[in-house]
Protein chains: 2
Amino acid sequence: MDNGVADLERDRSRLGRSSTAERVADILRDRISEGFFEPGQRLSEEAISEALGVSRNTLREAFRLLGHERLLDHRLNRGVFVRILSAEDVADLYRVRRVIEGAAVRRSPTPQALGLIKEAVADAERAAARDDWRAVGTANIRFHQALVTLNRSPRLDEAMRQLLAELRLVFHVMKNPRDFHEPFVERNRRLLELLEGGRVDEAAAFLDGYLDHAERLLVHAYDPDA
Amino acid sequence: MDNGVADLERDRSRLGRSSTAERVADILRDRISEGFFEPGQRLSEEAISEALGVSRNTLREAFRLLGHERLLDHRLNRGVFVRILSAEDVADLYRVRRVIEGAAVRRSPTPQALGLIKEAVADAERAAARDDWRAVGTANIRFHQALVTLNRSPRLDEAMRQLLAELRLVFHVMKNPRDFHEPFVERNRRLLELLEGGRVDEAAAFLDGYLDHAERLLVHAYDPDA
DNA sequence: ACATAGGAATCGTTGAACAATTCGACAAGA
DNA sequence: TCTTGTCGAATTGTTCAACGATTCCTATGT
């Protein structure tokens, strides 16, 4: 039973600041979103607490945290599992994105937020130029995160952060990252231009089409018979 | 040190189903939102675990849950405190409401959702007729919760639930519940009519004014010099 | 093949213990 | 008097060991 769990021991070095439970949660969150733990996989309390060198109680506090973020599925007396998103979950995540990002593009952009967005677009383009599609994906995520800051709401920022973490759970099903990320590099640039030009309605409409497309790609790869 | 903690012991009867930690969280959540615990008050691990008859470890799991819901403020090595919302927090909560509820009213209403909304409006009117302003407040909250269901997104429903729980932390500062709740009974009815009439833009504009007003009332009572 | 009864493994929860940290009190010194 | 430093009590952070409860697997018997 060392489903890559032994490997975790290297992360013990990261333990040393703030609350242990939170640091454990940070580590597990990273591992989950990078696909190190696969959706559906059970996370054994004993194995992980031993691998990270923390007590079961502390680990359980971390599990609660991640469960609340919907990254883990906590089933009573059965343990915690890496969350498996249904097609309906994906649809719901995109519903939320349309609401939050849609509201964002309708606001008058601040120079600061625009700077972040620009940077993300440029990063994505650079990564695409060198065929690093993993980096493109990361930059695209940063793009949307930056987009949401237009709302100037810490809570919406946080909600978006969680939403994207959840979405990463399903990004890994895309066998070919290029197909999934490439089409959006150009679109991000276009959306940025619309924002800079203050063409709010066009930007909103463009974003809707954008999200529709992304959702379709994802749901198709995820659940081919849908 | 029995800041009403002794009273908690009656809630022990509610322990008996599902996970203990979650049930403890339920109890504390209720107590907080009903104002039994005041914002800023420290919740002693020892006192509460003893009062509820659960171990400290279990109680701490419950604390983590509520901390993540922003109802508790967890300060390292100092304990957990009932959250104190700043005026800026209130403003942010209303920003989120404008986004989520604004998106809701722009969607074509389903008969089911409309039914829930109607019910909430009627309840509020009945409660107002008998001068029960506490009940009016509850019905008004239900009204907005129902409004959000128009989005047909479980995650937005959940986000709204949390948001309203957080908002309840500050509702208690309103010394006179009538002043705060009465003006909105009529407005809820009006908003319902606009929705039924399919007058989307008017409904959206009306809602914005609605939320502006509510926020102003709240911030004023909360932070008189703002 | 199928139901069932163990039995092993794991979770849920507790209670005790100890280290780490905070905070107030109090004393020493400027 | 005010500041600073130190001590000690109180509380949190974390671990550990234990045990009942639940789930899952497997072997047994029909």
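In the text below, chain A, chain B and the rest are named by the order of the sequence lines, each starting its count at 1. What you see below is based on every heavy atom in this structure, not just the backbone, and it leaves out hydrogens, waters and symmetry mates.
- Put simply, B:Arg78 has no side-chain N or O that comes within less than 4.0 Å of OP1 or OP2 on D:dT11.
- At a threshold of 4.0 Å, the pair B:Arg95-B:Glu88 counts as salt-bridged, since one of the basic side-chain nitrogens sits closer than that to a carboxylate oxygen.
- With respect to B:Arg98 and B:Glu101, no salt bridge is recorded, no charged nitrogen being found less than 4.0 Å from a carboxylate O.
- OP1 and OP2 of D:dT14 both lie 4.0 Å or more from every side-chain N or O belonging to A:Ser49.
- Here the P atom of nucleotide D:dT11 and the CG atom of B:Asn77 are 14 Å apart, to the nearest Å.
- Salt-bridge check for A:Glu34 with A:Arg134: failed, with every basic side-chain N at 4.0 Å or more from each acidic carboxylate O.
- At a threshold of 4.0 Å, the pair A:Arg161-A:Glu158 counts as salt-bridged, since one of the basic side-chain nitrogens sits closer than that to a carboxylate oxygen.
- Here D:dG13 presents its C1' atom at 10 Å from CG of B:Asn57, a figure rounded to the nearest Å.
- Atom CG in A:Leu76 sits roughly 9 Å away from atom C1' in C:dC11 (whole-Å rounding).
- Of the candidate nucleotides D:dT23, C:dT21, D:dT15, D:dT15 has the atom lying nearest to any side-chain atom of A:Thr58.
- Classification of A:Glu215 and A:Arg97 as a salt-bridged pair fails, no side-chain N sitting under 4.0 Å from a carboxylate O.
- In this structure, CD of B:Glu46 is placed 20 Å from P of C:dT22, rounded to the nearest angstrom.
- As a whole-Å value, the separation of A:Phe81 CZ from C:dT10 P is 12 Å.
- If you take CD of A:Glu45 and C1' of C:dT10, they are 8 Å apart, rounded to a whole angstrom.
- Distance, A:Ile48 CD1 to C:dC11 C1': 14 Å, rounded to whole Å.
- Contacts between residues 59-74 of chain B and DNA chain C, counted as heavy-atom distances below 4.0 Å, involve no residue at all.
- Between A:Thr20 and the phosphate of D:dT14, there is a side-chain N or O to OP1/OP2 separation shorter than 4.0 Å.
- If you check C:dT13, C:dG15, C:dT22 against the side chain of A:Arg56, the one that comes closest is C:dT13.
- Defined by atom type and a distance below 3.5 Å, a donor-acceptor pair is present between the side-chain atoms of A:Tyr210 and A:Asn188.
- Side-chain proximity of B:Arg42 to D:dC16, D:dT12, C:dT21: nearest is D:dT12.
- Across the protein-nucleic acid pair, B:Glu22 atom CD and C:dG12 atom P stand 10 Å apart, rounded to whole Å.
- Salt bridge B:Arg70/B:Asp89: absent, no basic N to carboxylate O contact under 4.0 Å.
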